[in-house]
Each structure stands twice: as structure tokens, then as C-alpha cells.
2 protein chains.
Amino acid sequence: MLSKKTKYGLKALTYLAAQKDKQPVQISEIAKAENISQKFLESILLSLRKSGFLGSKKGKGGGYYLIKDPKEVLMTDVMRILEGPIAMVPCVSLNFYEKCADCPDEATCSVNKLMLMVRDANLEVYRNNTLADLIA
Amino acid sequence: MLSKKTKYGLKALTYLAAQKDKQPVQISEIAKAENISQKFLESILLSLRKSGFLGSKKGKGGGYYLIKDPKEVLMTDVMRILEGPIAMVPCVSLNFYEKCADCPDEATCSVNKLMLMVRDANLEVYRNNTLADLIA
DNA sequence: AATTACCCTATCAATCTAATAGAGTAAACA
DNA sequence: TGTTTACTCTATTAGATTGATAGGGTAATT
């Protein structure tokens, strides 16, 4: 299951990407428009800022804004920040690799074999889609 | 993340598929060979039996055995039983469709759009792989 | 200087997962 | 026929995670 964090994060990103000007948008505005718990959204936007997707401005007229061009924001990066590893098992993860404690041999492991194919299929989708593609 | 249930279930299925004869294999043998908690494996095999993948035989010399030819066992069916919906959000699920409560319009929803592509990519993998493919 | 809106910490109920325990039941075999 | 074997079922549990909420703190505009 996709977590609400990722769901909300994606919605917020596309909301910001759809803005005509680059003016900051208040959290409250996004939360209201997308039916998201404002406090929860705060923490999500914060992590998106810390990972370099968003900028923020404090004080009156402040809010969050997209740093890069939506065309430059790859879904691989977004998903890894919001949802975590793209792979369904650590033993096939590119960025979060870990050996399975119980599995004696990856080369002959059926789970490894299947999940490797699944990972590649997912990567293919995430690599070929940017934030801009989700709006059009 | 792939649940342990699915992981163990897949391992058990491939273990049974790799058997030369069609003789029943005891739970304890599979559990030992694949490093799985026996009691947990019991419940998994039970659900695989109830959903038509496995047959069982009680008493001495009993155990579980594969009902169909491994070539006929599609990963789509296995995954749906073990892991649940293939889609990451209910609003793009073929077999478990549900409208998102918070989303006003699927047609313009960015999450829907992305997850639809992800679902199709995953389906492609699961449809093109059978239990037999995981052994070879 | 006051307001606005981001920033951070802590807490919480609900849910899910993985594992375990223990008793029950059906089938095989001597 | 009776005992053994191994599947079947119910219940319980600790632990982790999720999603949400509360409340105060801080920095930057006006």
C-alpha cells in the first residue's frame, strides 16, 4: 500500500508545480485544496524541503515553493524520499541494499528473482516520469 | 515492503514445485529447509490450500503438495492471495477497486495517474511469470 | 513591534505483522 | 482397533508503523 505520506506529498508537489508564478503557497491553502490534515502535511513538506525539492519562506506572504523545474523532478527521487526504497525486499534494493538474514543464497532465491524483475519494472516507470508528466 | 507471509509463501511454493515426484511434503521439512517459523508457515500453507494452489494429506506420510503444474501457476494469482492487491492504491485496483474518500476526481489526480502506470508495470511482470519461471 | 507562518517535539489510538501456544481432528498403518 | 502422525483451528501477544493531533518556539516580513 502507498502510504498517506507519499500520497499527500505527491499531491502537494503537483499542486505547487501547477502554480503559474513561483510565489510561495501557504500550507493551509494546500491542505484545504487537497483535503489533507494540515499538521501532517507540515511534516511532509518539511521533509521535502530538507531533501531539496522545496524551498520555504517565513513571515507574511510566506509558504512553500518548488525549487526545480517540474520537468527536472524525477519520480525515482520523490518516491525514495517519501515512500522509501523502491524495491520490495532489501536484497534487490539499489539504494538500500541489505542481505536477507534468512536467505542462504540470493542467486538461487525465487523471491529475489521475482522481486528483481518487479523492481526493474517500477524503476522504469519512475525514471520515465517527472512531476511535469503528472500534471499534463 | 513485501510481507514475510508472501516471502515465505513464495519460498514454500517453489520448494514444492521443485519436488521431483508429487509426494506430499511435510510442513516441518519446508520450514527447516527455508528457515521459516513452522507455525507461521502452517497458516500460510493453509491459506494457499484454501485458495486452490495446494492440496494436503493428513496422517503418516502426509503433507502439502502442489495441485497444478508450476507452468500454470501465475504470479498474479499467487501475489493477490499472499500479498493482497497488486495496485498500491485502491482507486487503480482491478480486483479490489475502491474510490478514494478524499479525492474529488480520479481523472485529474496525479497519484491516480502515476499509480496506474505502476500497477500496469507490475501486472506485466506478474502475468508473464509462473512458478516454473522462478525455479529455472 | 506585531503578525504571520514555518519549524520542532511529543504524544496517541489504531492497525498490522510476525510469531507462539495449545488444543483438536482426520487419515494412515500396524 | 488403536496409536501415531501431521494437518487444522483459535487465541494471544509483543512490537512496529501509521496517521493524526497538540502545543509551543522561532524567524522573517510588514
Report task. Scan residues 4-12 of chain A against DNA chain C and write down, sorted by residue number, each residue with any heavy atom closer than 4.0 Å; if none is found, say none. Result -> none
Query raised in the report: For the helix from dA1(C)-dT30(D) to dA30(C)-dT1(D), what angle lies between the axis at the first five pairs and the axis at the last five pairs, to 10 degrees?
Result: 10°
Report summary line: Quick note, ring-ring contact (aromatic ring centres under 6.0 Å, His included) partners involving residues 4-41 of chain A, not counting sequence neighbours, are Y8(A)-F40(A)
Requested in this report: Side-chain contact test, heavy atoms from C-beta onward, threshold under 4.5 Å: evaluate it for N129(B) versus T76(B) and give yes or no.
Outcome: no
Please table the atom pairs, donor to acceptor, closer than 3.5 Å between any side-chain atom in residues 45-60 of chain B and protein atoms at least two apart or in another chain.
from, atom 1, to, atom 2, distance (Å)
S47(B), OG, I44(B), O, 3.0
S51(B), OG, S47(B), O, 2.6
S51(B), OG, L48(B), O, 3.4

Query - Toward the 5' end of DNA chain D, by each residue's nearest nucleotide, Q26(B) or K50(B) - result: Q26(B)
Report summary line: Looking only at heavy atoms, the pair that brings P24(B) and G62(B) closest together is CB-C, 3.7 Å
Query raised in the report: Which of residues 90-102 of chain B sit near DNA chain C, with a heavy atom under 4.0 Å from it?
Result: none
Query - Under 4.0 Å protein heavy-atom contact, by nucleotide of nucleotides 25-30 of chain C - B base, S sugar-phosphate only - result: -SBS--
Query raised in the report: Who pairs with N95(A) by side chain to side chain donor-acceptor pair (under 3.5 Å), at least two apart in sequence or on another chain?
Result: none
Report task. Evaluate the salt bridge (Lys or Arg N to Asp or Glu O under 4.0 Å) criterion for residues D133(A) and K71(A): first the C-alpha distance (whole Å), next the side-chain angles of each, then the deciding distance (0.1 Å), finally the verdict. Result -> CA-CA 8 Å; D133(A) 297 314; K71(A) 286 193 198 70; over 6 Å; no
Show me the protein contacts with nucleotides 11-17 of chain D, counting only N or O atoms at under 3.5 Å.
none

Acceptor/donor pairs from residues 119-126 of chain B side chains to any protein atom, 3.5 angstrom cut, sequence neighbours excluded:
from, atom 1, to, atom 2, distance (Å)
R119(B), NH1, V92(B), O, 2.8
N122(B), OD1, N122(A), ND2, 3.4
N122(B), ND2, N122(A), OD1, 3.4
N122(B), ND2, V118(B), O, 3.2
E124(B), OE2, N128(B), ND2, 3.3

Report task. For dT8(D), take OP1 and OP2 only and decide whether either is under 4.0 Å from a side-chain N or O of S56(B). Result -> yes
Query - Which atom of A17(B) lies closest to which atom of I135(B), heavy atoms considered - result: CB-CD1, 3.4 Å
Query raised in the report: Taking DNA chain C as the partner, which of residues 29-49 of chain A come within under 4.0 angstrom of it by heavy atom?
Result: K39(A), E42(A), L46(A), R49(A)
Report task. Could you tell me which non-hydrogen atom of L41(A) sits nearest to which non-hydrogen atom of I27(A), and how far apart they are? Result -> CD2-O, 3.9 Å
**Report entry** Protein-nucleotide distance (L82(A), atom CG; dT18(D), atom P), rounded to Å
**Finding:** 13 Å
Report summary line: Correct closest heavy-atom pair for C91(A) and Y97(A) would be O-CE1, 3.5 Å
Requested in this report: Apply the test side chain to side chain contact (heavy atoms under 4.5 Å, CB included) to residues K11(A) and C109(B): give CA-CA distance (whole Å), side-chain angles for both, the deciding distance (0.1 Å), then the verdict.
Outcome: CA-CA 8 Å; K11(A) 288 201 173 195; C109(B) 176; 3.9 Å; yes
**Report entry** Y65(B) vs dA6(D): side-chain N/O to OP1/OP2 distance below 4.0 Å
**Finding:** no
Query raised in the report: What residues form a ring pair (Phe, Tyr, Trp, His ring centres under 6.0 Å) with Y64(A), not counting sequence neighbours?
Result: none
**Report entry** Nearest heavy-atom neighbours spanning T130(B) and M75(B)
**Finding:** C-CE, 3.9 Å
Requested in this report: Identify, with sequence neighbours excluded, every residue that meets side chain to side chain contact (heavy atoms under 4.5 Å, CB included) alongside T6(B).
Outcome: L2(B), S3(B), L10(B), M79(B), L82(B), E83(B)
Query raised in the report: Between K99(A) and E106(A), which heavy-atom pair has the shortest distance, and what is it?
Result: CG-OE2, 4.0 Å
Query raised in the report: Would a hydrophobic clustering, with Ile, Leu, Val, Met, Phe, Trp and Tyr connected at side-chain separations under 4.5 Å, put I86(B) with L74(B)?
Result: no
**Report entry** D102(A) backbone acceptor or donor facing N35(B) side chain under 3.5 Å
**Finding:** yes
Report task. Please check if atom NZ in K22(A) has more than 12 non-hydrogen atoms from other residues, nucleotides or ligands closer than 6.0 Å. Result -> yes
